[in-house]
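Beneath this line is the structure, given in structure tokens, with notes to follow.
Protein chains get the first letters and strands the later ones, always in sequence-line order, with residue 1 at the start of each.
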Number of protein chains: 2
Amino acid sequence: MSLPPTEPQLLPLLGGPPPERRDAARNRVRLLDAAQELVERCGPRAVTMDAVAAAAGVGKGTVFRRFHSREGLMAAVLDHSETEWQAAVLSGPPPLGPGADAWERLLAFGRSRLESTLLHAELIREAGHSGARAGGAHAFAATHVRYLLTELGVTGDLPILATALLAPLELPILDQQVTIEGFPVERVYDGWVDLARRIIGRP
Amino acid sequence: MSLPPTEPQLLPLLGGPPPERRDAARNRVRLLDAAQELVERCGPRAVTMDAVAAAAGVGKGTVFRRFHSREGLMAAVLDHSETEWQAAVLSGPPPLGPGADAWERLLAFGRSRLESTLLHAELIREAGHSGARAGGAHAFAATHVRYLLTELGVTGDLPILATALLAPLELPILDQQVTIEGFPVERVYDGWVDLARRIIGRP
DNA sequence: AGGCTAAACGGACCGTGGTCCGCTTTGTAT
DNA sequence: ATACAAAGCGGACCACGGTCCGTTTAGCCT
């Protein structure tokens, strides 16, 4: 046994994890494309991991190495739409994007988020706990709402208040109201606006 | 082929599904006991349906006939504690039970629910969508909160407002704040009280 | 080019949730 | 008591998520 001929990494090379090998990257996009295509053709519920692997022309093990689990894969598919939505909030046209006053933006945010959540309901459910929603997406939304609340002059524990305002727009709660109790979406939205008014402390 | 000699049910016998056969009832309690015992010994995550069936001394098919699915079984186990809690709210000692004024009761309700949700977190997660929570339990909590809000003179769309007040106490949201973001429970509770004040419209 | 290492690959394999169907038990009507 | 229909039973069976490990391949260093 001898010392390795060279240090595999002379400098810490600060920054993140090592880059991805070319075949790995190629397979990741193949898998994501296949998954997206299958999801929108059969619905997320009916998509099996074997099917995705086969459609992408790779082995099953590869699917699980790229995306930890089925939930992870679904989360990745969901991430596509989520990212577009974030772009619309950050730099799209008003009133959702910048350019309108904070109250208008908050209203647009609520409606947009409500519709988006209902639109992707199945996928969100399938993405479950490891959903982009549970990680980055919620953080994004919370940050944005906190910013808007600040603009509106709200004082208090903003992270908590933002969460309280976001909570009724999360799928489990929306599902309860819309799917199970059968409330019309308009009513739920109006209720949310009312909640926002009370939190802000305005007529 | 002849006509059936008697009508199996002369009168509609209004009121629900036919009664349960004796062996069926016996197996239901055996299964529930076995499940509860296994859950508290190994944690809900580790309990398999085969194990429950074996521990109860019945076949696997029987488990699935009584409780539609794994989630259904977990929901049934959860239902035990949930029922006790409901009794405490309806007829236990104040301030959770009747006897205190509405605001005190609301505070006690919030704290109790928060603690109970965190305590049974794993089970609730495992019970998933068909959880007693998604069905009867949420309805109970919503009704109670609606009642308290009425007592406090709140006007508006009460069903929606009640849901908004309950939403931050649901597991997914609590999980986000406590487990992922690491907020202390006290802070979450204080935030909830603040939310309640704003909804009611009082200092 | 050639050689070497670590990463990636693929598909056989396993455990578990859920279904199916032929057999048994229960309750009732004669 | 006996007969009979319906509800219940059990365990073999299937499909799908997830793991494992022997083989292949990308990237790099000489």
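- Whole-Å rounding puts the B:R65 CZ to D:dC9 C1' distance at 6 Å.
- Whole-Å rounding puts the B:L73 CG to C:dT16 P distance at 15 Å.
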Distances under 3.5 Å only, N/O to N/O: pair up the protein atoms with those of nucleotides 22-24 of chain D.
none

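- Note that CD1 of A:I124 is 5.0 Å distant from OG1 of A:T117, once rounded to the nearest 0.5 Å.
- Atom-to-atom distance recorded for A:F109:CZ and A:L169:CG is 7.0 Å, nearest 0.5 angstrom.
- Rounded to an integer number of Å, the gap from CD of B:E20 to C1' of D:dG8 is 10 Å.
- Within the 4.0 Å cut-off from OP1 or OP2 of C:dA8, at least one side-chain nitrogen or oxygen of A:R66 is found.
- Within 6.0 Å of atom CZ in A:R187, more than 12 heavy atoms from other residues, nucleotides or ligands are found, so the atom counts as buried in its surroundings.
- Considering only side-chain N and O atoms, A:N27 lies under 4.0 angstrom from the phosphate OP1 or OP2 of C:dC9.
- Taken to the nearest 0.5 Å, the CG atom of A:L158 stands 10.5 Å off from the OG1 atom of A:T163.
- Among residues two or more places apart in sequence or in another chain, the ring pair (Phe, Tyr, Trp, His ring centres under 6.0 Å) test is passed with B:Y189 by none.
- For A:T62, no side-chain nitrogen or oxygen approaches OP1 or OP2 of C:dA8 to under 4.0 Å.
- Put simply, the side chain of A:I173 reaches to within 4.5 Å of the side chain of B:I173, judged on heavy atoms.
- The CZ atom of B:R45 sits 18 Å away from the P atom of C:dG15 (whole-angstrom rounding).
- In this entry the distance linking CZ of B:R26 with P of C:dT25 reads 11 Å, nearest Å.
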Given the rule in the side-chain contact (heavy atoms from CB on, under 4.5 Å) test, do B:L152 and B:L106 qualify, once you have shown the distances and angles that lead to the verdict? CA-CA 10 Å; B:L152 288 164; B:L106 188 61; 4.2 Å; yes
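- Counting to the nearest Å, the C1' atom of C:dG18 and the CZ atom of B:F67 are 16 Å from each other.
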Strictly under 4.0 angstrom, non-hydrogen atoms only: write out the protein contact profile of nucleotides 13-18 of chain D, one letter per nucleotide from the 5' end, B, S or -. ---SBB
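- A cation-pi contact, defined as under 6.0 Å to the ring centre and within 45° of the axis, links B:R113 to B:W85.
- Ring geometry for B:F140 versus B:H144: interplanar angle under 30°, hence parallel rather than tilted (30 to 60°).
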